[in-house]
2 protein chains.
Amino acid sequence: MQPENCSENSQLYRFLAENGMINVGAYGFPGAAMQTLCTSSSTSYHNNNYHFESSVITDMTPQDRALAALKNHKEAEKRRRERINSHLDKLRGLLLCNSKTDKASLLAKVVQRVRELKQQTSELSGLESFPSETDEVTVLSGEYSSDGQLIFKASLCCEDRLDLMPDLNEILKSLHLKTLKAEMVTLGGRIRNVLIIAADKDHSVESVHFLQNALKSLLERSNSSEKSKRRRILDRKLVSQ
Amino acid sequence: MQPENCSENSQLYRFLAENGMINVGAYGFPGAAMQTLCTSSSTSYHNNNYHFESSVITDMTPQDRALAALKNHKEAEKRRRERINSHLDKLRGLLLCNSKTDKASLLAKVVQRVRELKQQTSELSGLESFPSETDEVTVLSGEYSSDGQLIFKASLCCEDRLDLMPDLNEILKSLHLKTLKAEMVTLGGRIRNVLIIAADKDHSVESVHFLQNALKSLLERSNSSEKSKRRRILDRKLVSQ
DNA sequence: TGCAACACGTGAATC
DNA sequence: TGATTCACGTGTTGC
């Protein structure tokens, strides 16, 4: 083996070990044996001192730097795994899963559960069909259909007025949104609109937020038209952002 | 290196390669170089024929068997990864996440989302406080409290009768469940019960299902007492299962 | 014995 | 560069 071929770290390790440049202790080269050492005891790992740890930062040889980088990398990867696994454990708690349920099955249950819950909330929110006293804008986070379109539900409740529907259509048109289904209920001068909307695959997620903002400003505009001019100027800002 | 020390597969690989017992092709020993080959093209992997693939199963040498096992292991692990990742992709779709959101962040959002949705459904289901016309049993999947107890909500809607509450208490007692809070609404001879319940850490998850079944059979029993004897017999079956 | 699931360290890619 | 994320192959453990 020749030094100039040691581009890979495992080879670097072996090269250094074979030339007595690092202290490998009782075990062989770290690629195979150090793993067992680390897993057997997490505390002993920190006592496992490479010689570069006692040297000053300024005079690190290239080998030292490579080793330090490798150590960093190893530890960062461990932290990443722990982060992911801690979230999986939280999900096990939320879904009432045994702590022994394997990752794949757990995630399958999570997918199923999220679908169920979303459908439940969607159905339950559809029950409030009569216009409420307070103004409301709700855009329920939707789901991607099989053909890649994003389907979601938007609900708007406000004072009824003549140019509300033209304004609403204008917003949907400008955001390239298609209305699949629309429910309108008016009562005592107020109106509730529930729309099932499809978005192109291109702008889907952004469109949801744009629509939410547009509907909010539409609602604010309805109110401001009966109030001061100062509010109307503020509303313009909301629209443009 | 000596043959009897080759308990590890990577060492086995190298030993076999160095003695010309396997065809390693242009690259070195598989532990390092084969990985790059596999990632560069998934189809070429299947064309990457070890010599044992052409031999008959009956006359496999120990080396062949070890290699076959290693190959199986490798492929199984790949399938496992794909299974997990496909579920993660589904979750990305459900949460409207960019396909580039990393696993940890995605899972954090999933945890948050499940909590939100559970709270929403719990709140919304609490709104239907008046007894409905139809009989209902709902046991909402709960959540583990900080001290390890499982807290969940159970809802029961049926004809009111004198011995309903004693029966209900009997069920809760036999399952070692503690009632933290109870709401009762009666209207027109019907009753709706909403209970917040705590379960011991020991039987928590099972208790939820037992309670669901017990409540269902309690409800069936209430109906059957006003109806034919044939139904009552059927109900017994339901209870015992 | 073999299979399934896991944690690990590593190389590569992206920023 | 260095930090971060991912897929991969491997060793190990429990059924």
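Order of the sequence lines fixes the chain letters, A, B, ..., with proteins taken first and strands second; residue numbering starts at 1 for each chain.
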| query | Do side-chain atoms of Lys109(A) reach the backbone of Cys97(A) as a donor and acceptor pair under 3.5 angstrom? | reply | no
| query | Is the side chain of Arg92(B) donor-acceptor paired with the backbone N or O of Thr101(B) at a distance under 3.5 Å, no angle test? | reply | yes
Within the structure, does a side-chain N or O atom of [X] lie under 4.0 Å from either OP1 or OP2 of [N]?
| X | N | value |
| --- | --- | --- |
| Lys100(A) | dC6(C) | no |
| Lys103(B) | dC6(D) | no |
| Lys71(A) | dG9(C) | no |
| Arg80(A) | dC6(D) | yes |

May I have the distance from [X] (atom [atom1]) to [N] (atom [atom2]), rounded to whole angstrom?
| X | N | atom1 | atom2 | value |
| --- | --- | --- | --- | --- |
| Asp102(A) | dC3(C) | CG | P | 18 Å |
| Leu70(A) | dA12(C) | CG | P | 13 Å |
| Lys78(B) | dC6(D) | NZ | P | 16 Å |
| Asn85(A) | dA7(C) | CG | C1' | 8 Å |
| Glu75(B) | dC3(C) | CD | C1' | 14 Å |
| Arg92(B) | dT5(D) | CZ | P | 13 Å |

| Selection from dA5(C), dC8(D), dA7(C) that lies nearest to any side-chain heavy atom of Arg81(B) | dC8(D)
| To the side chain of Lys74(B), which of dT14(C), dC6(D), dT10(D) is closest? |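 Taking heavy atoms from C-beta onward, the closest nucleotide is dT10(D).
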Side chains of [X] and [Y]: closer than 4.5 Å at any heavy-atom pair?
| X | Y | answer |
| --- | --- | --- |
| Leu168(B) | Leu195(B) | yes |
| Arg113(A) | Glu116(A) | yes |
| Asp135(A) | Glu220(A) | no |

| Value rounded to 0.5 Å, distance of CG in Leu107(A) from CG in Leu95(A) |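 With rounding to 0.5 Å, CG (Leu107(A)) is 9.5 Å from CG (Leu95(A)).
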| query | Ignoring hydrogens and angles, does a donor from either the side chain of Glu77(A) or the base of dC6(D) sit under 3.5 Å from an acceptor on the other? | reply |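 Indeed there is one.
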| query | Shortest non-hydrogen contact from His87(A) to Val111(B)? | reply | O-CG2, 3.9 Å
Nucleotide N/O of nucleotides 2-4 of chain D paired with protein N/O under 3.5 Å:
unit_1 : atom_1 : unit_2   : atom_2 : d
dG2(D) : OP1    : Arg65(A) : NH2    : 3.0

